[in-house]
Amino acid sequence: MNPLNHVAIIMDGNGRWGLKYRNSRNAGHKAGLDTVETIIKTTIENKIKFLTLFAFSTENWKRPKKEVNYLFNLLENFLVNKIEDLHKQNIKLKVLGSKKFSPKLNKLLNNSEKKTFKNNKLQINLALNYGSKSELISAFKRLKKNKSIISEKNLEKNLQTQNIPDPDLLIRTGNTKRLSNFLLWQLAYSEIFFEKKLWPAFNKKDYKRIIREFRNIKRNFGKI
Ligand code: IPE
Ligand code: IPE
Ligand code: MG
């Protein structure tokens, strides 16, 4: 049985779900938050130590302002209402991506990271304004500036995921088979599950089925 330390998820399909069932994309984003809570709970139940959630990509700024604002409001409210609870559950929150949001949201994110820094039950990495290509470019620039040798180890030390093991498992919901600029380096050997269901419809049973399937895959890493 494969050990499972790190699950990464591209939470896709909120907009389509919202349009279909509530006639509003934003309602889909709101419903998607319930799935986030279910998945966090199930991740803890399965003793998985790292959960990385792709919540907003560097490319998502191209969406209408109204939708972008709604998403960040949702996140703000989530943090205000839930950070104490996450902290009590011994969960550590880390943001991947550059924090270029409103001063209020930047502060909330920084405070949430500081508050939960020492927690060690589960680390949630929230990928927000995250893009893998720009992460890699920044890492290479730092190596160049410090005149460091270009090696896998040195590069990894300069990624935002330093000290985080690579994902064992990537799940993308929403019936789309692409990576959308997510963790291009770190996913090199991850097992990938593309799920038909839209994120708000994805549930504990679906997640547990994937975990079960993952546990039984023969992971070769080049060997036979
Ligand atoms: C994913 O759902 C959430 C974000 C990108 C913020 P989408 O909003 O991309 O939903 P679809 O793919 O349009 O249905
Ligand atoms: C990927 O979903 C980003 C997040 C889930 C946050 P998108 O819906 O933005 O991806 P594309 O644009 O369809 O590739
Ligand atoms: Mg999408």
Side-chain angles (χ1 to χ4, degrees), residues 6-40 42-43 50-79 82 93-102 105-106 108-109 112 123-137 159-161 164 167 169-188 190-203 206-207 210:
H6 185 175
V7 176
I9 307 184
I10 302 176
M11 310 183 289
D12 196 24
N14 288 348
R16 279 165 285 164
W17 187 94
L19 277 181
K20 186 165 178 203
Y21 296 105
R22 304 278 189 275
N23 206 20
S24 132
R25 287 184 53 86
N26 285 346
H29 292 309
K30 188 152 187 274
L33 262 190
D34 295 335
T35 307
V36 170
E37 294 203 44
T38 306
I39 294 311
I40 292 175
T42 312
T43 303
F50 296 88
L51 174 67
T52 300
L53 299 173
F54 201 7
F56 194 87
S57 73
T58 44
E59 290 74 26
N60 287 146
W61 293 108
K62 295 174 193 158
R63 296 187 178 202
K65 210 167 171 201
K66 217 176 124 203
E67 179 165 336
V68 171
N69 287 341
Y70 184 86
L71 277 167
F72 288 121
N73 266 324
L74 210 58
L75 176 64
E76 245 178 59
N77 288 333
F78 180 82
L79 287 174
K82 300 281 177 189
L93 188 78
K94 182 179 165 62
V95 176
L96 303 179
S98 41
K99 293 193 202 85
K100 288 180 182 154
F101 312 111
S102 68
L105 182 55
N106 288 339
L108 255 170
L109 290 167
S112 303
Q123 175 167 335
I124 299 178
N125 306 306
L126 198 59
L128 265 187
N129 190 20
Y130 172 84
S132 186
K133 287 189 178 180
S134 92
E135 178 192 31
L136 283 163
I137 294 289
L159 294 174
Q160 293 178 35
T161 48
I164 300 171
L169 168 60
L170 170 76
I171 302 170
R172 180 176 187 140
T173 58
N175 201 20
T176 304
K177 298 183 180 72
R178 56 178 172 251
L179 294 179
S180 304
N181 200 14
F182 187 48
L183 300 174
L184 301 177
W185 175 277
Q186 297 87 337
L187 293 173
S190 309
E191 304 301 330
I192 301 182
F193 284 72
F194 292 110
E195 275 298 303
K196 286 212 168 78
K197 277 195 182 178
L198 305 172
W199 178 248
F202 188 71
N203 62 33
D206 302 317
Y207 189 30
I210 293 175

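In this text the structure is predicted, and so the values were computed from the model without any measurement. Numbering of ligands and ligand atoms starts at 1, following listing order.
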- Query: With a 4.0 Å cut-off on heavy atoms, does K62 reach ligand 2?
  - Reply: no
Quick one: nearest non-hydrogen protein atom to [atom], plus distance?
atom	answer
atom 13 (O) of ligand 2	R178 NH2, 2.8 Å
atom 10 (O) of ligand 1	G15 N, 2.9 Å
atom 1 (C) of ligand 1	M11 O, 3.0 Å
atom 9 (O) of ligand 2	N60 ND2, 2.8 Å
atom 7 (P) of ligand 2	R63 NH2, 3.8 Å

Measuring from the Mg ion (ligand 3), name the closest N, O or S atom belonging to D12.
->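 Output for this pair reads OD1.
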Using only atom types and a distance under 3.5 Å, with no angle test, would you say the side chain of [X] pairs donor to acceptor with the backbone of [Y]?
X	Y	value
S102	L105	yes
T38	N203	no
N181	K133	yes
N129	G97	no

Taken in chain and number order and not counting sequence neighbours, the residues that satisfy salt bridge (Lys or Arg N to Asp or Glu O under 4.0 Å) with K20 are none
Students often mix this up, so state it plainly: with edges at 30° and 60°, are the rings of F182 and Y130 parallel, tilted or perpendicular? perpendicular
Next on the checklist: Can you tell me how the ring of H29 sits relative to the ring of Y70, calling it parallel under 30°, perpendicular over 60° and tilted otherwise?
Outcome noted: tilted
*Side chain, backbone, both or neither: which part of K20 comes within less than 4.0 Å of ligand 1 when only heavy atoms are counted?*
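Neither part.
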**Asked** Backbone, side chain, both or neither: what part of L71 comes under 4.0 angstrom of ligand 1, heavy atoms only?
**Response**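 Under 4.0 Å from ligand 1, L71 contributes side-chain atoms alone.
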Do any nitrogen or oxygen atoms of S57 come within less than 3.5 Å of a nitrogen or oxygen of ligand 2? no
Of N14, L128, D12, the residue with the heavy atom nearest atom 8 (O) of ligand 2 is D12
Notebook entry, point to check: What about A55: any of its N or O atoms under 3.5 Å from an N or O on ligand 1?
Noted result: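 So ligand 1 has no N or O lying under 3.5 Å from an N or O of A55.
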Backbone or side-chain N or O of R25 under 3.5 Å from ligand 1 N or O: yes
### Query
Looking at ligand 1, does G174 have a heavy atom less than 4.0 Å from it?
no
